[in-house]
Amino acid sequence: TLVHSGAELLARVCEQHWVAVLCDYQMPEMDGVSVYERLAAVSPEAARRFVLLVPEQHRKAAAGAPVRKITKPFDKARLDALLAELDTPE
């Protein structure tokens with residue numbers, strides 16, 4: 001499912017179970033870190049499956065965010081490994 005803003009992501013993510021919630025670092029209305037913080041407050045389960053997609057030029061700024069991150073551009077093998085990790089029962 002594709003959404004176009006942090007607010008839309010927050011509205012949709014609690015509707016069903018997702019293997020992963022991929023969120024761009026730069027989003028309209030709020031950045032990806034803010035989306036994560038709001039999501040963690042309303043749905044800790046969904047927040048555990050959150051992955052922040054970070055452009056190379058923002059790696060340092062996003063380094064302190066308490067969330068899984070993948071640097072863009074990323075390779076398919078790295079994304080596949082991350083999705084497999086998230087799809088494994090705890």
Side-chain angles (χ1 to χ4, degrees):
T1 299
L2 177 66
V3 298
H4 299 284
S5 71
E8 188 179 354
L9 184 149
L10 291 169
R12 297 286 307 274
V13 76
C14 296
E15 293 176 359
Q16 68 186 60
H17 173 80
W18 302 94
V19 170
V21 177
L22 304 176
C23 181
D24 198 66
Y25 180 78
Q26 296 174 301
M27 299 270 293
E29 302 167 10
M30 68 183 89
D31 65 29
V33 175
S34 298
V35 172
Y36 169 76
E37 290 168 347
R38 291 183 186 189
L39 181 60
V42 298
S43 179
E45 173 59 30
R48 283 191 286 279
R49 299 177 175 285
F50 191 93
V51 179
L52 189 61
L53 306 175
V54 183
E56 182 67 37
Q57 68 268 27
H58 293 292
R59 278 182 59 207
K60 288 183 182 179
V67 63
R68 286 179 184 88
K69 298 170 209 63
I70 190 167
T71 303
K72 300 186 319 184
F74 50 87
D75 63 34
K76 185 177 181 320
R78 170 72 175 111
L79 181 59
D80 288 345
L82 186 59
L83 294 174
E85 175 187 324
L86 290 169
D87 198 26
T88 304
E90 294 180 21

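If you read the sequence from its start, that first residue is 1, and numbering goes on from there.
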Tell me the closest heavy-atom pair linking [X] and [Y], and the distance in Å.
| X | Y | result |
| --- | --- | --- |
| S43 | C14 | CB-SG, 3.7 Å |
| V35 | G6 | CG2-CA, 3.5 Å |
| L83 | A20 | CD2-CB, 3.5 Å |
| C23 | G32 | SG-CA, 3.9 Å |
| M27 | S5 | CE-C, 3.2 Å |

**Report entry** By side chain to side chain donor-acceptor pair (under 3.5 Å) - contacts of D80 (at least two apart)
**Finding:** K76
Query raised in the report: Mind checking what makes side chain to side chain donor-acceptor pair (under 3.5 Å) contact with Q57, not counting sequence neighbours?
Result: none
**Report entry** Hydrophobic cluster identity match, V54 and V33, side-chain contacts under 4.5 Å
**Finding:** yes
Query - Polar side-chain atom of R48 near backbone of L86 as donor-acceptor pair, under 3.5 Å - result: no
Query raised in the report: Any salt bridge (charged side-chain N to carboxylate O under 4.0 Å, His left out) pairs touching residues 18-41, not counting sequence neighbours?
Result: D24-K72
Query raised in the report: Applying the side-chain contact (heavy atoms from CB on, under 4.5 Å) test to V3, which of V13, L9, V21, L10 qualifies?
Result: L9
Query - Residues in side-chain contact (heavy atoms from CB on, under 4.5 Å) contact with E15, at least two apart in sequence or another chain - result: R12
Query raised in the report: Of all residues at least two apart in sequence or in a different chain, which pass the side-chain contact (heavy atoms from CB on, under 4.5 Å) check with R78?
Result: I70, D75, L82
Report task. Would you please name every residue forming a salt bridge (Lys or Arg N to Asp or Glu O under 4.0 Å) with E8, sequence neighbours left out? Result -> none
**Report entry** Test salt bridge (Lys or Arg N to Asp or Glu O under 4.0 Å) applied to K60 - qualifying residues, sequence neighbours left out
**Finding:** none
Query - Listed once per pair and sorted, the ring pair (Phe, Tyr, Trp, His ring centres under 6.0 Å) pairs that draw on residues 12-44, sequence neighbours left out - result: Y25-H58, Y36-F50
Query raised in the report: What distance separates L53 CG from R68 CZ, expressed to the nearest 0.5 Å?
Result: 13.0 Å
